[in-house]
Amino acid sequence: MINVSFVGCGGMAAQYLGVYRDLDWVRVVNCIDAVPAAAQKAAETIPGAAASTDFSAAMTDEIDAVIISSPNHFHRPQAVAAIQAGKHVLLQKPVAPTLADAEAIAQAAERSTHTVGLYMSYFDQPLIHDLRDMVTQGWLGNIVHCYARLMHKGGTMWSQEALAGNPNWRGSVAQTGGGCFIQLAVHHVHIFEWATGARVVRASGFARNLHCPGIEGEDLAVGVFELDSGAMLTIDTAWCTNGEELSVHGTKGRFTYRDNKLSLCSNVGAYHGRVAEYSAGLVAQFGGFWGEEQEMEITPPGFADITNPLNQHLQFLEAVRHGQPAPVPISSGVRDLRVVVALYESARSGRAVECGVERVVERK
């Protein structure tokens, strides 16, 4: 039995609780949140779990693993304390609001003999693993450009609340580390580097607050990144409008996922993945023959679906159970944050900013 302390119960964290409730070899001892009502609401969904506002309840000898989904500025003190107390730790992205904090967490993780990792929700999706397979198998050819758009209107809501006298931590640059880009773009920096095996070497972009006067960070940001392979990434994020898309373009094919619809084409041949399916077919286009475009509906799995073997909370718990490394190491999240920091520096300075190219091994 793995005894768990669930730290940070608001927002998306409530979506993950079902994993811990439904596994008969996991026991949630307590749900901890600075807001008493949030802790109580979470605890009520887990038979036998206690509600608390005191983080020290996660440090008792009874606890084996600490799941941290608290606001960014709590990540360093909570994660380091839990790691040093000999706990297994799963930390919500981004690692921390600053590089110094993120590096401190990574250093603690490196010294630990326990399972310490980062939660990246997109890896729950079989389609993302299909994408990586398409790239590594050469089904898309040489990767030329990757694009992601991740936008929602949360900033508008938080801005209105702050102007009404109820500020949210996401509206504080000191507590968040920025605005929409640090919260949203880390997903796609991570996905694209992981899927292509290349690393960002240069960042350029813009960040603005156009429609959310109640928050300090940006509500719109656009980043353009150069990979060490020569390929380019473009990542658009916003907190003042809605939209989501992920696409990868190669010399032999294209992958586009938008509104739960996957569009594929490749002149390599058929592809049969976990969820993606493509039958061979060619059409004449400018420059020669190109794969026939085919579309299919793909719905992401639920966040608490324990029948999904790729569920990242499930995979972390299995790693703890079997004494294995976490699927996504903290160090890879530090790498993501370096790219985000470079984008912010470019937005401030008006020039392209170099990024390091250190490589991180992930068990995927």
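Counting begins at 1 with the first residue of the sequence.
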S.K.: Looking at every heavy atom in both Cys265 and Gly291, which two are closest together, and how far apart are they?
M.R.: CB-O, 3.4 Å
S.K.: Once you round to the nearest 0.5 Å, how far does OG of Ser5 lie from CZ of Arg27?
M.R.: 11.0 Å
S.K.: Salt-bridged, Asp130 to Arg274, with N to O below 4.0 Å?
M.R.: yes
S.K.: Do Ser279 and Gln294 have a side chain donor and acceptor closer than 3.5 Å?
M.R.: yes
S.K.: Can you name the closest pair of heavy atoms from Met1 and Asp64 and give their distance?
M.R.: O-OD2, 3.6 Å
S.K.: Which atom pairs, donor and acceptor, lie under 3.5 Å between side-chain atoms of residues 176-185 and protein residues at least two apart or in another chain?
M.R.:
unit_1 : atom_1 : unit_2 : atom_2 : d
Thr176 : OG1    : Trp169 : O      : 2.9
Thr176 : OG1    : Arg170 : O      : 3.3
Thr176 : OG1    : Ser172 : O      : 3.1
Gln183 : OE1    : Asn72  : ND2    : 2.8

S.K.: Test your reading of the model: is there a side-chain donor-acceptor pair from Asp228 to the backbone of Val200, 3.5 Å cut-off?
M.R.: no
S.K.: Return yes if a side-chain donor-acceptor contact under 3.5 Å exists between Tyr122 and Gln312, otherwise no.
M.R.: no
S.K.: Taking atom CG of Asn209 and atom CD of Glu216, what is their separation to the nearest 0.5 Å?
M.R.: 10.0 Å
S.K.: So, do His190 and Phe123 sit near enough that their side-chain heavy atoms are less than 4.5 Å apart?
M.R.: yes
S.K.: At their closest point, which heavy atom of Thr156 faces which heavy atom of Cys212, and how far apart are they?
M.R.: N-SG, 3.5 Å
S.K.: Under 3.5 Å, side chain of Asn260 to main-chain N/O of Glu297, donor-acceptor pair present?
M.R.: no
S.K.: With a 4.0 Å cut-off on N to O distance, would you call Glu244 and Arg258 a salt bridge?
M.R.: no
S.K.: Do you know the tightest heavy-atom contact between Leu91 and Val95?
M.R.: CD2-O, 3.6 Å
S.K.: Strictly distance-based, threshold 3.5 Å: is any side-chain N or O of Glu345 a donor or acceptor partner for the main-chain N or O of Val353?
M.R.: no
S.K.: Under a 4.5 Å cut-off applied to non-hydrogen side-chain atoms, are Arg338 and Leu99 in contact?
M.R.: yes
S.K.: Going hydrophobic residue to hydrophobic residue with side-chain gaps under 4.5 angstrom, can you get from Phe255 over to Tyr147?
M.R.: no
S.K.: Take atom CG in Asp61; do more than 12 heavy atoms of anything else shown fall under 6.0 Å from it?
M.R.: no
S.K.: The criterion is side chain to side chain contact (heavy atoms under 4.5 Å, CB included); which residues satisfy it with Glu226, sequence neighbours excluded?
M.R.: Val201, Arg202, Met232
S.K.: Aromatic ring centroids of His188 and Trp194 under 6.0 Å?
M.R.: no
S.K.: Following the transitive rule for hydrophobic clusters with a side-chain heavy-atom cut-off under 4.5 Å over Ile, Leu, Val, Met, Phe, Trp and Tyr, establish whether Leu90 and Phe74 coincide in one cluster.
M.R.: no
S.K.: Do Pro301 and Gln125 have side-chain heavy atoms sitting under 4.5 Å apart?
M.R.: yes
S.K.: Just checking, is any N or O donor in the side chain of Asp219 or His211 under 3.5 Å from an acceptor N or O on the other one?
M.R.: no
S.K.: Are side-chain heavy atoms of Ser121 and His187 found at a separation under 4.5 Å?
M.R.: yes
S.K.: Any Lys/Arg nitrogen of Glu295 or Lys261 sitting under 4.0 Å from an Asp/Glu carboxylate oxygen of the other?
M.R.: no
S.K.: Hey, does Phe303 have a side-chain heavy atom less than 4.5 Å from the side chain of Asp124?
M.R.: yes
S.K.: Between Ile63 and Thr60, is any pair of side-chain heavy atoms under 4.5 Å apart?
M.R.: yes
S.K.: Could you check if a side-chain atom of Met134 sits within less than 4.5 angstrom of a side-chain atom of Tyr278, using non-hydrogen atoms only?
M.R.: no
S.K.: How close do Cys9 and Ile32 get, heavy atom to heavy atom, and via which atoms?
M.R.: SG-O, 3.5 Å
S.K.: Which heavy atom of Asn3 sits nearest a heavy atom of Val29, and at what distance?
M.R.: CB-CG2, 3.8 Å
S.K.: Is it the case that the side chain of His152 and the backbone of Asn242 share a donor-acceptor pair, with hydrogens and angles ignored and the cut-off at 3.5 Å?
M.R.: no
S.K.: Are the aromatic ring centres of Phe6 and Tyr16 under 6.0 angstrom apart?
M.R.: no
S.K.: Report the distance from atom CD1 of Ile215 to atom CH2 of Trp239, rounding to the nearest 0.5 Å.
M.R.: 5.5 Å
S.K.: Any chain of hydrophobic side-chain contacts (each under 4.5 Å) joining Phe316 to Ile105?
M.R.: no
S.K.: What's the separation between atom CD1 in Ile191 and atom CE in Met120, rounded to the nearest 0.5 Å?
M.R.: 7.0 Å
S.K.: So that I can tick it off, tell me whether Glu245 and Arg149 are bridged by a salt bridge, with the cut-off set at under 4.0 angstrom between side-chain N and carboxylate O.
M.R.: yes
S.K.: Under the side chain to side chain donor-acceptor pair (under 3.5 Å) rule, what do Gln78 and Ser70 come out as? Steps first, then yes or no, please.
M.R.: CA-CA 9 Å; Gln78 291 178 346; Ser70 53; 2.6 Å; yes
S.K.: Given 3.5 Å as the limit, does a donor-acceptor pair link the side chain of Asp336 with the main chain of Pro94, or not?
M.R.: no
S.K.: So, Ser52 versus Asp54: side-chain donor-acceptor pair below 3.5 Å or not?
M.R.: no
S.K.: Within the side chain of Ser204, is there an N or O that forms a donor-acceptor pair under 3.5 Å with the backbone of Ala352?
M.R.: no
S.K.: Do the side chains of Trp139 and Asp133 get nearer than 4.5 Å, heavy atoms only?
M.R.: no
S.K.: Kindly determine whether Ser263 and Glu293 satisfy side chain to side chain donor-acceptor pair (under 3.5 Å), including the steps that lead there.
M.R.: CA-CA 7 Å; Ser263 176; Glu293 187 160 355; 2.4 Å; yes
S.K.: For the side chain of Thr136 and the backbone of Arg132, is there at least one donor-acceptor N/O pair under 3.5 Å apart?
M.R.: yes
S.K.: Any ion pair linking Arg321 and Glu318 (charged N to carboxylate O, less than 4.0 Å)?
M.R.: yes
S.K.: Taking everything shown except Asn142 itself, do over 12 heavy atoms lie less than 6.0 Å from its CG?
M.R.: no
